[in-house]
Amino acid sequence: MKSSMERVSQYMQESSNIYAKAWDMYMSGLNVMYENQEQMNNLVLSTMDRMQTINSESTKMAENMIKQAKEGQMQLKNSMADTMQTVFDGVPAPAVDYFKELNAKLADIMQMNK
């Protein structure tokens, strides 16, 4: 049979081992939490960077679309002006005078009806 001192010594030794293992488990748990926090921070930063890149690219794309629309509008305007100039260049001068006279007569008729 063991003496009381041996039992107390054995109890203290086992308690010390249990506390050391508990401390190791606690520190391991904290380490896992720290690593998870690091991963979450990296994920959030990565997501924010991607969103900023997407936002920047979307802005550039919208600006490019607006620029292309304006250029297309100007090309259409110039094309129509060129076409109208070509058409009117082909119309003889008396026809233009005819339309001026017709407009004047219509204006006179409108004045009389007032």
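For the single chain, residues carry numbers from 1 onward in sequence order.
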Short side-chain to backbone donor-acceptor contact, Thr83 and Ser79, under 3.5 Å: yes
Count the heavy atoms belonging to other residues, nucleotides or ligands that lie under 6.0 Å from CD of Gln52, then report whether that count exceeds 12. no
Under 3.5 Å, side chain of Thr53 to main-chain N/O of Asp49, donor-acceptor pair present? yes
Are side-chain heavy atoms of Ser46 and Arg50 found at a separation under 4.5 Å? yes
Please list, chain by chain and in numerical order, all residues satisfying side chain to side chain contact (heavy atoms under 4.5 Å, CB included) with Tyr11, sequence neighbours excluded. Ser15
If I take atom CD1 from residue Ile18 and atom CD from residue Gln13, how far apart are they, to the nearest 0.5 angstrom? 11.0 Å
Got a sec, which hydrophobics cluster with Met25, joining ILVMFWY side chains under 4.5 Å apart, including via others? none
Could you list the cluster mates of Met80? Members are the ILVMFWY residues connected by side-chain heavy atoms closer than 4.5 Å, either directly or through other members. Leu76
Contacts of Glu14 that satisfy side-chain hydrogen bond (donor to acceptor under 3.5 Å, both in side chains) - sequence neighbours left out: Gln10
Gap separating the CE atom of Met40 from the OG1 atom of Thr47, nearest 0.5 angstrom: 8.5 Å
For the pair Asn31 (side chain) and Met27 (backbone), establish whether a donor and an acceptor sit closer than 3.5 Å, ignoring hydrogens and angles. no
Sequence-distant partners of Gln37, side-chain hydrogen bond (donor to acceptor under 3.5 Å, both in side chains), two or more places apart: Asn41
side-chain hydrogen bond (donor to acceptor under 3.5 Å, both in side chains) against Ser28, all qualifying residues, sequence neighbours excluded: none
Which residues pass the ring pair (Phe, Tyr, Trp, His ring centres under 6.0 Å) test with Tyr34, not counting sequence neighbours? none
For Asn36, side chain to side chain contact (heavy atoms under 4.5 Å, CB included) partners two or more places apart: Val32, Gln39
Sequence neighbours excluded, which residues qualify as side chain to side chain contact (heavy atoms under 4.5 Å, CB included) partners of Thr59? Asn55, Glu63
About how many Å separate CD1 of Ile54 and CE of Met51, when rounded to the nearest 0.5 Å? 5.5 Å
Measure the spacing between CD of Glu71 and CG of Asn64 and express it to the nearest 0.5 Å. 8.5 Å
Starting at NZ of Lys70, measure out to CD of Gln73 and round the result to the nearest 0.5 Å. 9.0 Å
Listed partners of Met5 passing side chain to side chain contact (heavy atoms under 4.5 Å, CB included), at least two apart: Ser3
